[in-house]
Visitor: 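Questions regarding the structure given below will be posed in turn.
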Amino acid sequence: MRFTSEQRLDDGVLEREFTLGEIPGTLWTPESAAPAPLILMAHNNGLPKAASRLVARARATAACGYAVAAVDAVGCGDRPRSAAEEQDRAEFRQAMQAGDPVDEIFESFIGPLVEKAVPDWRTALDALLTLPEIGGPVGYSGWMALGIRLAVVEPRIAAAGFFAGGFVPAAQREEVRRITVPLLMLLQWDDEGNPRQRALDLFDAFASKEKTLHANPGGHTGTPWFELEDGNRFFDRHLK
């Protein structure tokens with residue numbers, strides 16, 4: 001892991017860009033000198049780590065005493081994408097806007113995207129846990145499809161916060177029954193891009209003994225800011 005830049009932000013959080021082979025990432029750490037628990041923070045459907053909503057969440061979470069890391073995995077953010085992947089994305093957007101069936105198109109690019117992204121996240125986790133300022137344990141916050149897969153294959157994840165999405169690949173819909181870590185799931189009740197009932201069915205299928213669902217009115221990007229505060233309290237219970 002090689003740090004390529006750093007800056008101390010006005011909230012006291014240290015923000016550092018890094019590269020790990022071909023994987024670009026950002027690490028936010030609090031002012032505290034003590035090793036901090038780590039939260040892996042992923043945006044939905046491969047959007048970049050520099051997306052403003054993710055950065056705001058990361059900074060606020062780091063200010064609460066966590067190390068927070070985000071990466072652009074294969075096919076995500078600024079990483080290269082094939083012409084076929086771009087075509088699938090365009091067809092998915094067009095089908096959603098037209099109200100046409102999208103499951104087959106969705107599976108064709110999100111399923112492989114999740115499978116390709118997971119190894120990069122695990123590689124980043126290996127490197128991050130060697131840093132003296134990070135002491136574990138590890139949580140996950142963000143994109144549900146990726147988080148389900150990571151929680152299944154990565155035993156170091158001790159708690160997970162998912163942004164509910166009804167469109168989750170079939171493989172991950174089957175895997176939820178294997179997840180037992182404490183879970184907080186956020187659902188936007190009027191999310192035009194994610195079928196509500198599918199999200200509710202996913203929540204019901206998780207095997208976690210401790211699982212909580214928070215539902216709020218509004219569309220996809222309308223999650224209230226207080227849910228971040230509640231999410232940090234959730235992680236406090238399980239990572240500190």
Side-chain angles (χ1 to χ4, degrees), residues 39-47 51 53-54 57 61 76 88-89 91-115 117-118 121 139-154 157 159-235 238:
I39 295 178
L40 304 178
M41 194 167 284
H43 214 316
N44 286 357
N45 294 354
L47 291 174
R53 284 185 292 141
L54 184 146
R57 287 168 46 217
T61 301
C76 300
D88 285 339
R89 285 177 182 273
E91 291 178 359
F92 180 70
R93 288 192 295 268
Q94 291 168 3
M96 285 193 67
Q97 291 169 358
D100 297 333
V102 298
D103 288 83
E104 184 175 343
I105 303 171
F106 179 84
E107 289 283 347
S108 71
F109 77 95
I110 291 295
L113 180 62
V114 169
E115 291 297 326
V118 165
W121 279 94
Y140 173 89
S141 175
W143 180 22
M144 178 178 278
L146 174 64
I148 290 169
R149 186 73 184 124
L150 273 175
V152 167
V153 302
E154 183 47 74
I157 293 179
F162 293 144
F163 285 76
F167 287 116
V168 170
Q172 277 65 66
R173 293 200 297 270
E174 291 299 319
E175 288 179 326
V176 297
R177 294 173 175 83
R178 299 167 55 189
I179 293 177
T180 59
V181 298
L183 170 69
L184 174 63
M185 181 169 157
L186 305 182
L187 173 61
Q188 284 302 101
W189 203 245
D190 307 301
D191 187 343
E192 65 285 350
N194 284 295
R196 181 192 305 166
Q197 190 57 52
R198 288 192 184 188
L200 294 173
D201 291 343
L202 278 171
F203 178 77
D204 191 46
F206 281 102
S208 305
K209 291 183 179 179
E210 181 183 329
K211 57 181 180 178
T212 302
L213 173 66
H214 288 184
N216 290 281
H220 185 67
T221 61
T223 303
W225 187 253
F226 63 72
E227 289 292 2
L228 176 64
E229 298 166 352
D230 286 348
N232 286 339
R233 284 191 287 270
F234 164 79
F235 285 120
H238 301 291

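Excluded from the calculations below are hydrogen atoms, water molecules and symmetry mates; all remaining heavy atoms, backbone and side chain alike, are included. Everything numeric here is computed off the predicted structure, so don't read it as measured data.
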Visitor: Is the shortest heavy-atom distance from the side chain of Glu115 to the side chain of Pro112 under 4.5 Å?
Guide: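 No - every pair of side-chain heavy atoms lies 4.5 Å or more apart.
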Visitor: Going by salt bridge (Lys or Arg N to Asp or Glu O under 4.0 Å), name the residues that satisfy it together with Arg233, two or more places apart in sequence or in a different chain.
Guide: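 Checked Arg233 against salt bridge (Lys or Arg N to Asp or Glu O under 4.0 Å); matches are Asp230.
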Visitor: Mind checking whether Val114 and Ile148 have side chains closer than 4.5 Å, heavy atoms only?
Guide: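 Of all side-chain heavy-atom pairs linking Ile148 with Val114, none is under 4.5 Å.
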Visitor: For Glu210, give me all partners under side-chain hydrogen bond (donor to acceptor under 3.5 Å, both in side chains), at least two apart in sequence or on another chain.
Guide: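 side-chain hydrogen bond (donor to acceptor under 3.5 Å, both in side chains) list for Glu210, sorted by chain: His238.
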Visitor: Do you know which two heavy atoms are closest between Glu107 and Val168, and how far apart they sit?
Guide: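 Between these two residues, the closest heavy atoms are OE2-O, 4.3 Å.
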Visitor: Using the test side-chain hydrogen bond (donor to acceptor under 3.5 Å, both in side chains), find all partners of Glu175 that sit at least two apart in sequence or belong to another chain.
Guide: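 For Glu175, the residues satisfying side-chain hydrogen bond (donor to acceptor under 3.5 Å, both in side chains) (neighbours in sequence not counted) are Arg149, Gln172.
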Visitor: Donor-acceptor pairs under 3.5 angstrom involving side-chain atoms of residues 183-191: please list them, not counting sequence neighbours.
Guide:
unit_1, atom_1, unit_2, atom_2, d
Gln188, NE2, Pro217, O, 3.4
Gln188, NE2, Gly219, O, 3.1
Gln188, NE2, Gly222, O, 3.3
Asp190, OD2, Gly218, N, 2.9
Asp191, OD1, Gly193, N, 2.9
Asp191, OD2, Asn194, ND2, 2.9
Asp191, OD2, His220, ND1, 2.8

Visitor: Taking only residues two or more places apart in sequence or in another chain, which ones pass side-chain contact (heavy atoms from CB on, under 4.5 Å) with Ala205?
Guide: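 With sequence neighbours excluded, Ala205 shows a side-chain contact (heavy atoms from CB on, under 4.5 Å) to Val176, Arg177, given in chain and number order.
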Visitor: Identify, with sequence neighbours excluded, every residue that meets side-chain contact (heavy atoms from CB on, under 4.5 Å) alongside Ala171.
Guide: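 Ala171: no side-chain contact (heavy atoms from CB on, under 4.5 Å) contacts found.
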Visitor: Glu91: what forms a side-chain hydrogen bond (donor to acceptor under 3.5 Å, both in side chains) with it, not counting sequence neighbours?
Guide: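 Glu91 satisfies side-chain hydrogen bond (donor to acceptor under 3.5 Å, both in side chains) with Gln87 only.
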Visitor: Glu154: what forms a side-chain contact (heavy atoms from CB on, under 4.5 Å) with it, not counting sequence neighbours?
Guide: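 Listed in chain order: Arg122, Leu125, Arg156, Ile157.
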Visitor: Using every non-hydrogen atom in the two residues, find where Phe235 and Ile39 come nearest and quote the distance to one decimal.
Guide: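 Closest approach of Phe235 to Ile39: CD1-CD1, 3.7 Å.
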Visitor: Provide the closest heavy-atom pair for Leu146 versus Ala117 in the form atom of the first, atom of the second, distance.
Guide: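 Here Leu146 and Ala117 meet closest at CD1-CB, 4.1 Å.
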Visitor: Going from CG on Leu202 to CD on Gln197, what distance comes out if it is rounded to the nearest 0.5 angstrom?
Guide: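 Reported value, rounded in 0.5 Å steps: 10.5 Å.
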Visitor: Let me confirm one number: the OG1-CG distance from Thr61 to Asn232, rounded to the nearest 0.5 Å.
Guide: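 Going from the OG1 atom of Thr61 to the CG atom of Asn232 covers 4.0 Å.
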Visitor: Which residues satisfy the ring pair (Phe, Tyr, Trp, His ring centres under 6.0 Å) test with Phe206, sequence neighbours excluded?
Guide: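 Per chain and number, Phe206 pairs via ring pair (Phe, Tyr, Trp, His ring centres under 6.0 Å) with Phe162.
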Visitor: Within the structure provided, determine whether Trp143 and Ile110 are in side-chain contact (heavy-atom separation under 4.5 Å).
Guide: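 SC-SC contact between Trp143 and Ile110 confirmed.
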Visitor: Do you know which two heavy atoms are closest between Ser208 and Val181, and how far apart they sit?
Guide: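 The answer is OG-O, 2.5 Å.
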Visitor: As an exercise, state the distance from CZ of Arg57 to CE of Met41, rounded to the nearest 0.5 Å.
Guide: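 So the gap between those two atoms works out to 4.5 Å.
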Visitor: Measure across Leu54 and His43 and return the closest heavy-atom pair with its distance rounded to 0.1 Å.
Guide: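 Residues Leu54 and His43, closest heavy atoms: CD1-N, 3.5 Å.
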Visitor: Hey, are the side chains of Phe234 and Thr212 touching, using non-hydrogen atoms and a 4.5 Å cut-off?
Guide: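 They are not in contact (no side-chain heavy atoms under 4.5 Å apart), so the answer is no.
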